[in-house]
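Notes to accompany the following structure.
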Number of protein chains: 2
Amino acid sequence: MLLALTQAGHSNTRARRAVLTALLEADGQATPAELLELGRAHHAALGLVTVYRTLEILLSLKLVRKLHLEEGCHTYAISAAGWSAGETVDRSPQHDEHGHHVICQSCGRAVEFDGCHLDDIVAKAEAQTGFRVSSHWLEMFGACPECRATANVEDGSIEG
Amino acid sequence: MLLALTQAGHSNTRARRAVLTALLEADGQATPAELLELGRAHHAALGLVTVYRTLEILLSLKLVRKLHLEEGCHTYAISAAGWSAGETVDRSPQHDEHGHHVICQSCGRAVEFDGCHLDDIVAKAEAQTGFRVSSHWLEMFGACPECRATANVEDGSIEG
DNA sequence: TTACTTGCAAAAACTTTGCAGGCGC
DNA sequence: GCGCCTGCAAAGTTTTTGCAAGTAA
């Protein structure tokens, strides 16, 4: 992701590296405050303001995505584009294929999956409401493999 | 909705009636601040705090739903359960069938549609991630019939 | 009358802005 | 060295809490 950042014309600074590392260390998602704490392990003087500003840049580059959880929308996750920007070459800014997240309700881990085939559901919604749908937003909640193995999360019925 | 409220043991107060009316008058969605403004037309002394507290109750009864928009998650919409609680008899608290919203990006109108058939998409996500999915959350954005008719919203390609 | 509600004020939580100094390039 | 970045402090928003007075039942 650092590469994507610099290729977009942003400086490679210690603060930004700390935030990126924090994002990678966070288990798929983190709030700005959590990123600050994680990031300070790598750059003690890191400030919350810089976390916000770095996230803003990453959002604009679509390298991270804002998650909307029941409790609020204060967490961020690395997007598919962000992961694939590991060390490979550039991503056009118009990287617009999008995946969605599955979030573990036990440990908070968030994983993006691809294969966003909602065309027929979108079509049904359009037919039913008369709207013309141009984008959407999907998130799933459940239990990750580790938590299912470790713990007593027996109740995994598919609702809806 | 008033009935559902009182049947759940909450008082029928002027402030709550004002909030309910405001919700009905809002075009499908509104922020607490907007509900305050709308509500004050019916109860001049209405306070923002009461709007929040009433929404909290309505949320717990699943009569309203929190919408998560790109700009944030500060808006509320009447749910299908809320609409059907118009004047009919009670709804068991376990009314758990859920619809999702389509939100007009032009006028902000929000409409809930039913037919939430994501089973195969959920199955794919489970296969791909190893998660066990127990719930989800879907929202669509686009243009409502009125805005499409009225205005110049020609661009309605289905993205995703 | 009794207990639930209300709305003000204040606090808390979260996010953005201003600015002087610091650092990447 | 120049200009982007940073972090502190302060301001702006949004939401929650405390409490005395008010209202439903």
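Proteins come first, then strands; the chains are lettered A, B, ... in the order of their sequence lines, and each starts at number 1.
No donor-acceptor pair closer than 3.5 Å links the side chain of Thr50(A) to the backbone N or O of Leu46(A). Checking side-chain atoms of Ser79(A) against main-chain N and O of Lys62(A) turns up a donor-acceptor pair under 3.5 Å. Not one N or O on the side chain of Arg109(B) forms a donor-acceptor pair closer than 3.5 Å with the backbone of Gly28(B). Without hydrogens or angle criteria, Glu126(B) side chain to Val133(B) main chain gives a donor-acceptor distance under 3.5 Å. Within the 3.5 Å criterion, the main-chain N or O of Gly130(A) finds a donor-acceptor partner in the side chain of Arg148(B). Checked by atom type and distance alone, the side chain of His100(B) pairs as donor or acceptor with a backbone atom of Leu138(B) at under 3.5 Å. A donor-acceptor contact shorter than 3.5 Å is absent between the side chain of Gln105(A) and the backbone of Phe141(A).
Counting non-hydrogen atoms of neighbouring residues, nucleotides and ligands closer than 6.0 angstrom, the CD atom of Glu37(B) reaches no more than 12 such neighbours.
If you measure from atom CG of Leu46(B) to atom P of dG7(C), you get 5 Å, rounded to the nearest angstrom. Distance NE2 (His10(B)) to P (dC4(C)): 12 Å, rounded to an integer number of Å.
First and last contacting nucleotides of DNA chain D toward chain A (any atom under 4.0 angstrom from a heavy atom, 5' to 3' order): dC4(D) to dA9(D).
The shortest distance between the side-chain N/O atoms of Thr13(B) and the OP1/OP2 oxygens of dT6(C) is below 4.0 Å.
Within the nucleic acid shown, Ala33(A) has no heavy atom closer than 4.0 Å to any nucleic acid atom.
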Legend entry - Contact state string [nucleotides 13-19 of chain C, B base, S sugar-phosphate only, - no protein heavy atom under 4.0 Å]: -SBBBB-

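Nucleotides of DNA chain C nearest to Arg17(A) and Arg14(B) differ in position, and the one nearer the 5' end is that of Arg14(B).
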